[in-house]
Amino acid sequence: MSDFTPQELMVAVASREIHDGDLVFVGMRLPVLAYAVARNSHAPTARGLFEVGLMRDQPAGGFLGTMGDPPNVAGALWATRMSNVMALMAQGEVDLGFIGGAEVDRFGNLNTSYVGDPRRPTVKLPGSGGGADIAILSRRWVTLISHERRRLVEKVAFITSPGHGDGSPGWRKRNGLLGGGPVAVITTLAVLRFPEEGGEVCVATVHPGHTVDEVLENTGWDLKVSRDVSETSAPTEAELAAIRRFDPDGFWTRSSVTKG
Amino acid sequence: MSDFTPQELMVAVASREIHDGDLVFVGMRLPVLAYAVARNSHAPTARGLFEVGLMRDQPAGGFLGTMGDPPNVAGALWATRMSNVMALMAQGEVDLGFIGGAEVDRFGNLNTSYVGDPRRPTVKLPGSGGGADIAILSRRWVTLISHERRRLVEKVAFITSPGHGDGSPGWRKRNGLLGGGPVAVITTLAVLRFPEEGGEVCVATVHPGHTVDEVLENTGWDLKVSRDVSETSAPTEAELAAIRRFDPDGFWTRSSVTKG
Amino acid sequence: MAEAIERFVPDGATVAMGLALEPLIPFAAGHEMTRQRRRDLELVGPISDALFDQLIGAGCVRRVTAAWVGNVSEGLGHCYRRACEHGIPRPLEVHDHSNFSISLALWAAAWNVPSLPTRALLGSDILRTNPGIESKDGLVHVDAVQPDVAIVHVQRADAMGRAHAWGPLGISEEAGLAAKRVIVSCEELVDASVTLSDPNRILLPETKVVGVVHEPGGAHPSPVQGYFRRDHAFYRHYAERSRSVEGFNAWLEEWVMGVSDRSSYMKRIDVDSIRIRHQRLAAPADFGDE
Amino acid sequence: MAEAIERFVPDGATVAMGLALEPLIPFAAGHEMTRQRRRDLELVGPISDALFDQLIGAGCVRRVTAAWVGNVSEGLGHCYRRACEHGIPRPLEVHDHSNFSISLALWAAAWNVPSLPTRALLGSDILRTNPGIESKDGLVHVDAVQPDVAIVHVQRADAMGRAHAWGPLGISEEAGLAAKRVIVSCEELVDASVTLSDPNRILLPETKVVGVVHEPGGAHPSPVQGYFRRDHAFYRHYAERSRSVEGFNAWLEEWVMGVSDRSSYMKRIDVDSIRIRHQRLAAPADFGDE
C-alpha cells in the first residue's frame, strides 16, 4: 500500500465518477478536490457548477475552504444567482452531483437533518443545503461518507436527500423525481454501487488494506457483496500529485472525513 | 389660448398626476415627457420605472424614441431584468402608471388588442405590452388617448387592461385585482375622472378652446359631466419649456397623438 | 450568421428574439432567416419593435407568442395587421401575453415547471384568447413556453459563447435559460480574458450557447449601449413603406432579400449618424483573489 | 451600524442574512444585534456559515428558516445543536428548506404570490417538517417567505443605497426584493458617480434600501472578492470554542459583547494575513449614449 490517506483515496475514486464533458454539481470538501483531479486527468472538458452561483472550467488556482472563496470566483465562466444554477439542474442539464451525508441507508437515502424525532432530535445535523436538490434533480449522484455502523444504517431516521426511496423498482419515477438517483456510495473502506435500475446498494470494490468482512462489520445492515468484488484501484501518482496541489496543507485530506 | 399643441397640453396635464416621491411606471411616448416635466417642477424626488428593466431619477439627458434608448440607460439607478421591475409593481410599490389605449370605455377598461372578433379581427392592435400589468398591479393609473368616438366607446370589444370592469362597486377587489385602477383619462379634448371608489368616468375639465358639447359629441356613450366642470389649466411656460427641452423636434408633441 | 441559422433554426422552430425589448434586437438574425426562407416559425418575445412584423410580412411565421407586436416609435405593425385581419401573406396564430406573463412563461420553462402563478392578468380578456393562461383559485397560471432557440445580440462575446451584455436586459436571461439552445451575435468578438475578467456580466451559461456570430451592427436599427443609437428614421421609413403589401415587398427586397449579408447591409447605413462616440466607462470592479 | 439595527431590526423581526452563501456575510450586523440583545428573531437564509449559529447561541433567535446551519469548513454548528437538542440557551423552531426551495420562497414573496411550484423536494422528508412546503398534484409548492429586513454586505455602495456587489450572488437578489426593507453594509462608501456608472451592477432598487453603513471588514471572517480572503483559522477557532456553552460564551464576550463596534473588532484581526493584494480588474463596459 503506497502512502496515501483514506481521504486521498476517496477523492481519487470520486474523480473517476466524473466523465469527460460532464456538467458536475460540485459540493464542498472532497468533491471540490475530485473535480480538480478529474479536470487535470481524464475529464479535461468537464465543467463544474456551484450552488453559490458559479460555473467554472479550470479548477480554482488556490486553496478553497468554501466554494465561495475568491479563487473559485476569479476566472469563473459565470457568476450568477443560485436560482439560475438550480434552473440548469431542474432541466436535467447536470450530469453528476456529489452529496456528503451523515447517514445513508441501503437504498441510498441520505439524512443530513435529524437523528431521532425531528421535534426533539438526539442530534441536529446542519440540514439539506443543496443536497436534496442535487439528489432529486441531477442525472446521477454519488455520496461520500465515513464508513461507520452509525452512518451506514438500515433505514435513515429522516430522508433529507432521497435516493431510491423504499428500494422498490421505479420508486423515483413513480414519485416524480427527475434524476436517476445515486449510483455509488464512496466510503473510507469501500465503493458501494447501485444496480442501474436503482434499488439496493452492493459492495463493488474494497479499498486496499481493508477486507470485505471489515466492510460488513461496519455496516448497519446485511450489506450485499458483488460476485466480482475486487480491490479499489489506489490513487495514481498523477492523482495524488493533483490532490496535493489543490490541498497543499492537507486541510481536507489529512484530517477527519466528517468534520465537527 | 397660448401657443401649444394638444399633445403638449396632455403632457402637462399628465405630469400633474405625478406626486412628489411617487414611483412612476413610465410608459412610452407622452408619459416619458410627462415624467420629465414633473421631475423638473413639482415632483423632484419622483422616480421612474421602465419595463425594459430600468429605474431612473433624473429624466434622460437626450431625446428618447423608446425607453430603451441609450440616454435612458446612462445614469440609471438600476439596469436589470423586466421581471424585477414587475416584482416591485406586484408588491404594490408602484404609485402611478401610464397606459396608452386604442379604445377606452366608460369604466376605464382599455383595449389594445382586437377590434371585432379576436379570431377574425377587423383591426389587430399591437397588444398589451406592459399595459395589462400596469392596469392590474399599479396603485393608480392614467390613460392618454385621442378623443374620438371610435376610441371612447360604450364597451370595449376586448379588455386588454382592466379598469373598473363592469363598473359595479368593488369589481376590482372582488376579482382580485391588486391596484386601485384608473383615476383619469386624459384626452385631446378633456380630462375625465373616476370617482374614488371606481365606477364610471366623468368629465372633470375641458381643454382650453374646446366645449363640453364637443367632448360629448366625440364620445361613444352618454358621458357624465361633473357639476363643477371647469377649464383645464393650460401648460405653464415652465412646463412648455421642459416639454420642448425633452422633445426638441416635436417628435411626440407636434405630430398625431396615436401613431401608425 | 448564415451557418448558425442554417444549423439551429429549422422550419417550425420556436424562436425567442428581441428579448431586451427595444435595444439589442437581433435584426441580422431575423433577416438571415428571411433570406433562407424559413417557414412556420413560432416567434416568442415581449415586444419586438418591427422585427416580428418583418418576419410575419415575409411569410416565415406560423404563430406569435408575445405581449406586443408593432413598431414602438411609430405604432401599429402593418404586416402583423394584414396577417391577422386578412391572412396576408398567410394566417397567423396569436398567443397573447402581457410583458410580465411572457417573462413568467419563460421562467416556468427555465425552472422546468408546468406553470407559474401571478396576480397579473386577472380581469383581462387575454385569459380568453391564450390557451396557455388560465385563472384558478384567484390566481392566474401561466404555462411554460420553451423556445427551441433564443437569439441574443450583445456588446461583446468570446468564441466559447460567453456574452457580455449591458443596459436593461428585459427577459433575456429567462429566455436564454428556458431555451434549448442560444445563438449569440455580438458587436465585438473578444478574447476570453475579457469576458472571464467579469463573470457577473456573462449573460448566460456557455453550456446553452451553440453559436457565436461576430456581427457588427447586427441589431440595427435598434440601439446598442456604447455602440449605436436607435435609428429612429429607419423605423419611420419602414413604417411608411410597410403600409402596403407592395411597399413592404419592395422594402424587403431592398433591405433583406437583395442583401447578401450584414456587412453589405451596413455599408448602406449612414453609420456615422448613429454611432455613439463618447465613452462612459463603468467603474472597474476588482475580482482579485489573492 | 448600531443605529441601523436599532431602527430597523426590532425584537421579533424576520431577518434575511448570509444571502450570497459563503461570501459577503454581514457578521458585523449580526454582532450588533447580539450587543443590542435582540430577541425572538426569525433568521432567513440559505446556509449561514457560523453567523446563524452565533446568534442562536446568543439567545437572539426564535426560528430559523434555512437550508443549512453550521460552519461550512468545520462542520456542525454547536450552538444550533444545543438549541435544537436541549433548548440551550432557548428552544428553537426550525423551518427546513433546501437551497432551491428557500430561493423560491423568496421569489414567491418578491412576486407577491402565495407560493411557487417546483420539482425539487419530491420524496424528501423536508415536506414533513416544514409547514410551508407541501406536495400536491406531483409538484411541490413552496410558500412565500417575506423578510422584514434583508441585510447585505457588498463591496461598495453610495449614500443613497445603490450597492455594487460582485462574485456569486446566491439568493441576495430575491431576498432583497422580497424584503420590506434592506440594509446595506459596505467595504467602501463611494460617490454616486461610481455606482451610477454601472447600473447593471446595482444589486437592488434603492427604493428598498433604508440604511447604508460604511463597515470595512463587516463580513469578516467571510470572504469579500477583491478585498478579503476567507479567514479559515477564525472559523476553526470558533468551532473549537463553541463546542461547550462556556467556551461559546467566552468567545462571544471576547469577540462580540466586549467589543464596541466593528472598527475595534478589526483592530484585533491580523488584517494583513487575509487582505487581497493583487487586483484583477473587470474589463470596462462602455455605457456611452451619444
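Proteins come first, then strands; the chains are lettered A, B, ... in the order of their sequence lines, and each starts at number 1. Only heavy atoms go into these numbers, but all of them, side chains included; no hydrogens, no water, no symmetry mates.
At a 4.5 Å heavy-atom cutoff, C/W166 makes no contact with chain B through either its backbone or its side chain. Using a 4.5 Å cut-off between heavy atoms, C/R280 touches chain B through its side chain atoms alone. At a 4.5 Å heavy-atom cutoff, B/V85 makes no contact with chain C through either its backbone or its side chain. Looking at B/P121, both its backbone and its side chain come within 4.5 Å of chain C, counting heavy atoms on both sides. Interface remark: C/E174 contributes side-chain atoms only to the contact with chain B (heavy atom separation under 4.5 Å). Using a 4.5 Å cut-off between heavy atoms, B/F50 makes no contact with chain C at all. With a 4.5 Å cut-off on non-hydrogen atoms, C/I276 touches chain B through its side chain but not through its backbone. For a residue to count as touching a neighbouring chain, one of its non-hydrogen atoms must lie under 4.5 Å from one of that chain's; by this rule C/Y235 does not touch chain B. Of the atoms belonging to C/D53, not a single heavy atom falls under 4.5 Å from chain B. Neither the backbone nor the side chain of B/W78 has a heavy atom closer than 4.5 Å to any heavy atom of chain C. Contact of B/T122 with chain C is made through the backbone alone, with heavy-atom distances under 4.5 Å. With a 4.5 Å cut-off on non-hydrogen atoms, C/A20 touches chain B through its backbone but not through its side chain. Heavy atoms closer than 4.5 Å to chain C are found in the side chain of B/I136, but not in its backbone.
Residue C/N99 comes nearest to B/D133 through the heavy atom pair N-OD2, 3.3 Å, listed as atom of the first residue, atom of the second, then distance. In this structure, C/F100 and B/A90 approach most closely via the heavy-atom pair CE2-CB, 4.3 Å. Taking each heavy atom of B/K124 and C/L76 in turn, the nearest pair found is O-CD2, 4.5 Å. The minimum heavy-atom distance linking C/P168 with B/V52 is given by the pair CB-O, 3.3 Å. The nearest pair of heavy atoms linking C/N71 to B/R29 is O-NH2, 4.1 Å. For the residue pair C/Y80 and B/L125, the shortest heavy atom distance occurs at CE2-O, 3.9 Å.
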Might you work through the side-chain contact (heavy atoms from CB on, under 4.5 Å) test for C/L122 and B/N175, ending with a clear yes or no?
CA-CA 7 Å; C/L122 286 167; B/N175 285 277; 5.7 Å; no
- Task: Apply side-chain contact (heavy atoms from CB on, under 4.5 Å) to the pair B/F63 and C/R230, showing each step before the final yes or no.
- Result: CA-CA 11 Å; B/F63 169 79; C/R230 187 171 183 273; over 6 Å; no
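In this structure, CZ in B/F251 is found 4.5 Å from OG in C/S73, a value given to the nearest 0.5 Å. To the nearest 0.5 angstrom, C/I126 atom CD1 is 5.5 Å from B/S113 atom OG. Interatomic distance, B/L137 CG to C/T118 OG1, rounded to the nearest 0.5 Å: 6.5 Å.
Counting heavy-atom pairs closer than 4.5 Å to chain C, the top-ranked of the candidates B/G68, B/A79, B/G176, B/G129 is B/G129. Of the listed residues (C/P223, C/P91, C/G170), the greatest number of heavy-atom pairs within a distance under 4.5 Å of chain B belongs to C/G170.
In B/E196, the CD atom is not crowded: 12 or fewer heavy atoms of neighbouring residues, nucleotides or ligands sit closer than 6.0 Å.
Residues C/W107 and B/S83 form a side-chain contact, since some pair of their non-hydrogen atoms from C-beta on lies under 4.5 Å apart.
Considering only residues two or more places apart in sequence or on other chains, C/D125 meets the salt bridge (charged side-chain N to carboxylate O under 4.0 Å, His left out) condition with C/R128.
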